[in-house]
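So you know, we letter chains A, B, ... as the sequences are listed, proteins then strands, and number each from 1.
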Amino acid sequence: MPQTSPKLVRIDPLRLHMERRGQMVAGATIFASKAVNLEPEAVRQLHDAACLPPAKKVLATADIHVGFGVPIGCVVGLENAIMPPAVGYDINCGMRLLRTPFYKGDIDTDKIALDIARDIPLGEGMHNIRLDDKCLEAVVHQGAPSIPLLARRIDHRAWEAFDSDEFADDLARIEENGCMPADPGAVPKAAMQKGSAQIGTLGGGNHFIEIQYVREVLDEELAKTLGLSTGQIVVMIHSGSRRFGYEVADHYMNVAAHRPENSGRPKMLSYLLTDTGAGRDYSAAMGAAANFAFVNRHVMALLVRRCFNRMFGPTPLKLVYDVTHNMAKLESHEDGRLWVHRKGATRAFGPARMAATEFARIGQPIITPGSMGTASFLMVGTGRSEESLSSVNHGAGRVMSRTAALGRSRRGRVVSPGLITDEQFKRSMEGIKLIAGNKRRIKEEAPGAYKDIEEVVRIVVECGWATCVARMAPLAVLKG
DNA sequence: ATGTGC
């Protein structure tokens with residue numbers, strides 16, 4: 001374990017720098033203002049990541065908070081190495097934004113939310129669509145493009161909402177077109193077995209489906225290009241690769257921990273060299289989990305669309321974008337060709353790096369949720385974010401642990417009064433329909449447990465990395 | 001993040 005302790009120096013109102021010293025291999029920057037709460041433990045975790053031999057560039061965005069081994073809200077650029085804990089357990093956890101043709105007041109959003117909650121299982125351990133081995137293999141190998149294949153193979157209500165004409169447009173609006181390089185052969189059996197029935201489920205923790213409306217358009221031209229205007233109802237989905245990704249992560253964290261290059265290093269700081277079989281296998285299995293997550297979010301979107309169709313007749317529910325915030329990718333940057341690990345960080349490519357896509361003129365869309373009860377943002381990348389390895393934050397970030405918010409242990413035992421009172425929680429959710437899969441733990445996700453999204457987004461914009469398109473506010477929230 | 005154990 002690194003012995004030196006991190007020393008942060010503020011270099012300007014938006015940047016704190018941790019100079020390279022002691023066992024650090026790279027310096028580290030935290031992009032945060034004075035108003036942003038920084039947990040000392042998260043800063044220490046960032047420091048530990050900067051001590052890894054393959055570390056080339058290490059940074060954190062303002063939503064940094066404590067994670068397993070590596071903090072959430074950080075970017076780790078490694079040379080010739082890939083690191084399971086720097087991706088996290090929920091491989092390709094990400095955001096999807098859908099736009100509806102409706103405006104606030106047009107439709108009963110509480111009713112549609114209740115309907116969605118009947119069709120999409122919320123919470124841990126939930127199952128929905130059981131895939132046979134061949135289907136599952138197609139999903140993990142091909143990602144979102146496998147979806148028409150599933151439609152023909154299995155008989156399920158999701159396919160009532162499938163529209164083959166729209167599907168090509170949808171694929172073009174998913175990061176990597178919904179497909180990462182993958183090899184099902186590298187996926188541990190436990191992932192295939194325990195994940196086989198979890199396509200079309202939300203999961204727990206911070207995952208959600210929200211019915212929101214565009215409260216404010218912040219750039220008319222960009223909003224118009226992306227098909228959004230003031231008052232419009234949108235649906236935001238936050239979910240990942242469920243048990244499938246968890247098992248992939250767990251397996252390869254153990255593989256990494258036993259490699260000679262990690263001798264004496266904690267499991268949660270272990271990496272794999274990309275010129276080894278184990279490194280290539282993790283990369284291929286991570287891709288498989290990423291594909292699983294793309295399909296999961298797409299199937300949930302189909303289920304949501306089916307609810308709209310049922311309630312309002314045929315409803316175009318267009319995909320604005322689907323973007324991941326837990327992934328490692330090999331990218332070329334000023335610091336060279338790096339495995340860019342975004343753990344709770346969103347890629348923010350500008351127009352130039354989106355040249356071959358329909359976003360070549362505006363840059364890559366970025367979907368940044370606040371907490372339930374507060375606003376979410378749609379932004380686009382400017383291409384001026386080389387200092388963050390083309391990355392921005394993934395959300396608001398926590399200010400307190402789940403147990404601190406609740407005052408309870410995971411088993412439900414009261415261990416302290418909890419930092420979020422029932423009264424506070426109620427007030428922060430006023431006027432918002434809340435459907436919680438796990439009512440006992442819902443306060444873990446209270447708006448008061450999160451940083452101020454407005455400040456976190458302000459920092460991204462001030463740094464010049466992204467432009468705000470719209471601010472969305474929740475009307476109904478579905479939580480695991 | 002994850003329906004679970006040294």
Sidechain-backbone polar pair: A:Gln198 side chain, A:Arg242 backbone, donor-acceptor under 3.5 Å
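Between the backbone of A:Arg242 and the side chain of A:Gln198 there is no qualifying donor-acceptor contact (under 3.5 Å).
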If I take atom [atom1] in residue [X] and atom [atom2] in nucleotide [N], what distance separates them, rounded to the nearest angstrom?
| X | N | atom1 | atom2 | result |
| --- | --- | --- | --- | --- |
| A:Asp90 | B:dT2 | CG | P | 6 Å |
| A:Asn438 | B:dT4 | CG | C1' | 15 Å |
| A:Met126 | B:dT2 | CE | P | 12 Å |
| A:Lys194 | B:dT2 | NZ | P | 14 Å |
| A:Arg242 | B:dT4 | CZ | C1' | 15 Å |
| A:Tyr252 | B:dT2 | OH | C1' | 18 Å |
| A:Tyr246 | B:dG3 | OH | C1' | 10 Å |
| A:Asn254 | B:dG5 | CG | C1' | 14 Å |

Ring center gap for A:His394 and A:His238 short of 6.0 angstrom:
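A:His394 vs A:His238: aromatic centres not under 6.0 Å.
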What contact category does A:Gly245 fall into here, base, sugar-phosphate, or nothing, at under 4.0 angstrom with non-hydrogen atoms?
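It contacts nothing in the nucleic acid.
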Answer with base, sugar-phosphate or nothing: what part of the nucleic acid does A:Gly205 contact at a heavy-atom distance below 4.0 Å?
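Sugar-phosphate: the residue A:Gly205, judged by heavy atoms under 4.0 Å, touches backbone atoms but no base.
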Under-4.0 Å side-chain N/O to phosphate OP1/OP2 contact, A:Gln198 with B:dT2:
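No.
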Run the side-chain hydrogen bond (donor to acceptor under 3.5 Å, both in side chains) test on A:Ser388 and A:Ser391 for me, step by step, so that the C-alpha distance in whole Å, both residues' side-chain angles and the decisive distance to 0.1 Å come before the verdict.
CA-CA 5 Å; A:Ser388 68; A:Ser391 314; 4.8 Å; no
Can you see whether A:Glu331 engages A:Ser390 through a side-chain donor-acceptor pair at a distance of less than 3.5 angstrom?
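There is no such pair between these side chains.
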